[in-house]
Amino acid sequence: MDSLIRHPDAARIAQGTHARIDLAAISANTATMVSNAGGTPVMAVVKSNAYGHGLVPSARAALAGGASRFGVAVIEEALTLRRAGITEPILAWLPIHQADYDAAIMADVELGVEAPWRLAAIAEAAERTGRRARIHLEIDTGMSRGGSTGDDWAMLVESARDTLAGGHITVTGIFSHFACSDTPGDPSIALQLKAFAEAVAYAEASGVQPELRHVSNTAAVLTLPEARYDLVRSGLALYGLNEVEALGDAGLRPAMTLRSRVNVVKRISAGTGVMYGLTYRAPTDTTVAVIPIGYADGLLRNSSKAGVELLVGGRRHPIVGVVGMEQTVLDVGQDLPSPNDEVVVFGPGDDGELTVSEFAHLLGTVPAEIVARIPASLPRIYEP
Ligand SMILES: *Cc1c(COP(=O)(O)O)cnc(C)c1O
């Protein structure tokens with residue numbers, strides 16, 4: 001079928017619901033961000049299974065596109081990258097499992113730190129392993145998520161400075177994260193930038209001088225050159241997604257196509273109900289196609305209410321009734337698809353299918369949620 005697909009099980013996988021990942025698009029998108037960053041190194045953010053695209057293949061594709069570091073949330077993902085032979089620096093900014101610190105330090109995984117107690121636990125692990133831990137101090141500049149708030153920053157910096165003396169840690173970075181960088185001009189952006197500059201200045205004046213100051217995510221790279229500092233972190237863009245509306249697709253190409261196949265086709269007569277609760281009744285005699293994809297595959301249950309349409313035989317058809325756990329029904333009207341015909345749930349939009357961004361918009365969410373919810377257990381086919 002598709003000679004580009006290299007996967008021992010590709011033919012079998014292609015018969016059912018699966019995601020195709022366009023690795024060339026991830027490389028090209030990364031290169032686009034490298035160029036947008038204007039010489040500042042780019043950390044490829046591959047948390048949550050690379051936003052659902054598959055951790056290791058996506059990371060390799062980002063590397064080919066010019067990324068020079070990786071960012072993940074949890075340590076386990078960093079260790080998976082190491083086991084796959086990736087040697088570039090990796091930051092795990094959500095090191096929740098203290099039991100993993102020793103392994104992280106042994107594998108040269110850099111760790112985010114937002115509080116003195118965590119710093120102490122990491123320094124102890126470093127001492128145990130006989131290796132130096134590389135840490136990034138996180139300042140909460142206004143989002144109230146990770147990081148130390150302004151009041152506690154002084155304490156964190158002081159404990160970092162004191163710990164430095166013990167020789168078990170290096171403060172590699174200071175970082176923060178924007179709440180609203182996808183809305184250029186939002187007043188919070190300037191406030192966060194100012195708070196970040198002050199936090200960095202405070203640390204440096206206290207004798208904690210990081211090699212890398214970093215605050216920008218994808219939207220900031222695209223709109224805020226003054227926020228680049230020493231490193232930018234990009235996730236969304238690598239997968240071809242952009243949430244800054246005014247920029248359109250920002251020259252990026254969506255990397256995931258979610259596909260399935262028609263399983264059953266049948267005629268139903270006017271008035272017949274469809275799926276749990278019989279919330280849909282066919283207004284006229286019609287044809288329905290049953291697709292083997294459901295909310296366990298990441299297709300949200302209320303997709304029909306949101307007006308989501310899937311592509312079958314080059315035409316979009318509405319989901320009718322609620323989405324089931326494993327199955328979904330389309331009203332294909334006067335069309336007559338055959339079992340095994342290809343279904344495109346979303347993709348880059350080339351053939352008329354919804355893009356992830358359109359899909360997310362209909363469901364009242366962000367594209368990242370749509371792709372990140374595709375379970376790791378759903379087969380993926382990686383196209384080089
Ligand atoms: C998710 C995340 C990013 C990437 O953000 P994008 O908008 O996807 O580029 C960067 N930094 C941190 C701390 C994050 O949690």
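Whatever order the structure lists them in is the order used to number ligands and atoms, beginning at 1. One is the number of the first residue; the rest follow in order along the sequence.
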Exercise. Would you indicate whether the side-chain heavy atoms of Met256 and Arg20 approach each other to under 4.5 Å?
Key: no
Pairs under 3.5 Å, nitrogen or oxygen of ligand 1 with protein nitrogen or oxygen:
from     : atom 1 : to     : atom 2 : distance (Å)
ligand 1 : 7 (O)  : Asn217 : ND2    : 3.1
ligand 1 : 8 (O)  : Tyr51  : OH     : 2.6
ligand 1 : 8 (O)  : Leu236 : N      : 2.8
ligand 1 : 9 (O)  : Thr218 : N      : 2.9
ligand 1 : 9 (O)  : Thr218 : OG1    : 2.6
ligand 1 : 9 (O)  : Gly235 : N      : 2.9
ligand 1 : 11 (N) : His177 : ND1    : 3.4
ligand 1 : 11 (N) : Arg233 : NE     : 2.8
ligand 1 : 11 (N) : Arg233 : NH2    : 3.4
ligand 1 : 15 (O) : Lys47  : NZ     : 2.8
ligand 1 : 15 (O) : Arg145 : NH2    : 2.9

Exercise. May I ask you to say whether Glu211 pairs ionically with Arg134, meaning some side-chain N is under 4.0 Å from a carboxylate O?
Key: yes
Quiz item: Do His214 and Phe175 have ring centroids that are under 6.0 Å from one another?
Solution: yes
Self-check item: Check ion pair Glu114-Arg145 (N to O, under 4.0 angstrom)
Solution: no
Quiz prompt | Listed partners of Glu198 passing salt bridge (charged side-chain N to carboxylate O under 4.0 Å, His left out), at least two apart | solution = Lys194
Quiz item: Do the non-hydrogen side-chain atoms of Asn49 and Arg380 ever get within less than 4.5 Å of each other?
Solution: yes
